[in-house]
Protein chains: 2
Amino acid sequence: MSVKRVLTERADAVSALAEVFREHGFEGASLSLLSKATGLGKGSLYNFFPGGKEEMMEAVLADIDSWFATTIFAPLEQAHDPAAAVTSMIEDVTAYFRSGRRVCLVGCIGLSSSGAAFAIRTRSYFVRWISALAHCLETAGVPPSPAERIAEEVVSGIQGAIVLARAVGDEAAFLRVIHRQHSTLLAAIARTPPQSA
Amino acid sequence: MSVKRVLTERADAVSALAEVFREHGFEGASLSLLSKATGLGKGSLYNFFPGGKEEMMEAVLADIDSWFATTIFAPLEQAHDPAAAVTSMIEDVTAYFRSGRRVCLVGCIGLSSSGAAFAIRTRSYFVRWISALAHCLETAGVPPSPAERIAEEVVSGIQGAIVLARAVGDEAAFLRVIHRQHSTLLAAIARTPPQSA
DNA sequence: ACCATCTTGTACCGATCGGTACAAGATGGC
DNA sequence: GCCATCTTGTACCGATCGGTACAAGATGGT
């Protein structure tokens, strides 16, 4: 049956859609842009996403969510080696955001009023990221209170690094700020005595 | 002559325009929204801003630029008491961004592709902010290299705090992150010996 | 080969987009 | 009061918006 094909092609389109939403925002992403980027006509687009732009964005956000869940959040939540886990998070995030050239869609839509429709999703994205990172720090022996605070600061700092890097057009700025966040995390981990034998 | 009136009313409109651009972005800010927000018809709008939306945005950015220049940048650049200067910056910024409820327009337009037309302005906004803050730290005796790094981190951190606070819909998150930035600045200042008598 | 299903391009919808034209209405110097 | 200037609302422009309708074209089970 063609169920498989539907899902496959839909999934293929999602990443192209994501890039358009990233670059132009929800309101700025016109159907003609979305159509051009995916190589699909309006007919196909509305066949895959009967709900129109909103459903496309929803699919994109779900895709992002699942990528982060498996690549970023889960490793943090189940970290055996916290230092390695945060280092790997930093590397993955740097690659994902292309050193700040690529915008964080979740952060972006939270900024504009059109993002109100996706508030639950954007909220849970950040809440889960912060709590996963905090949990990782706690695994390393950092007390809950500073762990939560540091995690919040780092996730916030990553978003800031993207804004700054885009605004000044300088990837190096992103890398410098992210490096500081990395150091903050490692310092917090190192400052606590290893809790194992 | 009516030159005075023109400038006065134009200036009045700018703040209303700014709020629309903030909330909807450049592409999402339609002329009807801008007209409604300012209380001016299309005729008046194009009388004041013959260049259309682009000129409106340019005027808004110029307005923001001058506000930051006098309220934020200048005090940092001429600080006699660095600790007081950074504290006052934090307070002004917190009030300006309404504890994260209000978005940073300069940061926002840097994120979307429509902001390319204003790249020079967004770039200089951040560059000057960072260098003013770095200069203030140097005045306090912080060596240039860490001063620049800390300044960059703090300005970036403020942007991140806005993104985070908007996304999770929690002003407290903004205040917590900003408080950390404040502490970072004060710690850097306190760590260096006072260079006066 | 046949047919039901899925997929796609095209034409089209009303609404709204950013922007222009312009005439009527305020304003202020004289 | 008069007239030049400035200001403003309204009507209108072509283009594009998001979205729908639908017929022609794959596709695949049987």
Side-chain angles (χ1 to χ4, degrees), chain A residues 1-61 105 109 112-118, chain B residues 1-61 105 109 112-118:
Chain A
M1 192 36 75
S2 56
V3 171
K4 247 173 291 179
R5 275 197 59 215
V6 172
L7 293 180
T8 304
E9 308 219 17
R10 196 183 131 121
D12 289 348
V14 164
S15 63
L17 294 175
E19 234 51 49
V20 178
F21 282 128
R22 252 184 259 275
E23 214 53 39
H24 297 85
F26 183 72
E27 319 206 41
S30 67
L31 284 184
S32 63
L33 278 174
L34 296 166
S35 171
K36 196 174 300 175
T38 55
L40 299 171
K42 277 195 194 182
S44 315
L45 236 33
Y46 273 83
N47 181 37
F48 291 139
F49 309 95
K53 270 174 77 173
E54 198 144 335
E55 187 172 340
M56 297 179 206
M57 177 63 100
E58 202 65 62
V60 167
L61 290 177
L105 182 55
I109 65 168
S112 79
S113 70
S114 58
F118 313 101
Chain B
M1 192 34 76
S2 56
V3 172
K4 248 175 289 177
R5 277 197 56 213
V6 172
L7 293 180
T8 303
E9 308 218 18
R10 195 184 131 119
D12 290 348
V14 165
S15 63
L17 294 175
E19 234 50 50
V20 179
F21 282 128
R22 251 184 259 277
E23 215 52 39
H24 298 86
F26 183 72
E27 319 206 41
S30 67
L31 285 184
S32 63
L33 278 174
L34 296 165
S35 171
K36 196 173 299 176
T38 55
L40 299 170
K42 277 194 193 182
S44 314
L45 236 33
Y46 272 84
N47 182 37
F48 291 139
F49 310 95
K53 270 174 76 172
E54 198 145 335
E55 188 172 341
M56 297 178 208
M57 176 63 100
E58 202 65 61
V60 166
L61 291 178
L105 181 56
I109 65 167
S112 79
S113 71
S114 58
F118 314 102

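Protein chains get the first letters and strands the later ones, always in sequence-line order, with residue 1 at the start of each.
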*Atom-to-atom span, NZ of A:Lys42 to P of C:dC12 - whole angstrom*: 13 Å

*How many angstroms lie between CE in A:Met57 and OG in A:Ser114, if you round to the nearest 0.5 Å?*
7.0 Å

*Considering only side-chain heavy atoms of A:Asn47, which listed nucleotide, D:dT20, C:dT8, D:dT8, is closest?*
C:dT8

*Can you check the B:Leu45 CG to D:dC6 P distance for me, whole Å?*
19 Å

_Partner nucleotide, any strand, of D:dC22 [Watson-Crick/G-U, under 3.5 Å]_ = C:dG9

*Which nucleotide in the list C:dG18, D:dG19, C:dT8 gets nearest to the side chain of B:Tyr46?*
C:dG18

*Counting N and O atoms only, with roles assigned by atom type, does the side chain of A:Ser113 sit under 3.5 Å from a partner on the main chain of B:Glu23, one being a donor and the other an acceptor?*
yes

*For B:Glu54 and C:dG19, give me the distance from atom CD to atom P, rounded to whole Å.*
8 Å

_For the backbone of A:Ala13 and the side chain of A:Thr38, can you confirm whether one donor and one acceptor N or O come within less than 3.5 Å of each other?_
no

*Round to the nearest Å and state the distance from B:Arg10 atom CZ to D:dT8 atom C1'.*
17 Å

*asked:* For B:Leu31, is there any backbone N or O sitting under 3.5 Å from a side-chain donor or acceptor partner on B:Lys42?
replied: no

*Nearest-Å distance, NZ (A:Lys53) to P (D:dG19)?*
7 Å

*asked:* Quick check against the 3.5 Å criterion: does A:Lys53 have a side-chain atom that pairs as donor or acceptor with the backbone of A:Ser30?
replied: no

*Side chain of B:Ser44: nearest nucleotide among D:dG19, D:dG9, C:dG18?*
D:dG9

*Mind listing the residues from residues 26-41 of chain A sitting with a heavy atom below 4.0 Å of DNA chain D? Number order is fine.*
A:Ala29, A:Ser30, A:Leu31, A:Ser32

*Is it true that a side-chain atom of A:Ser35 and a backbone atom of A:Leu40 form a donor plus acceptor pair closer than 3.5 Å?*
yes

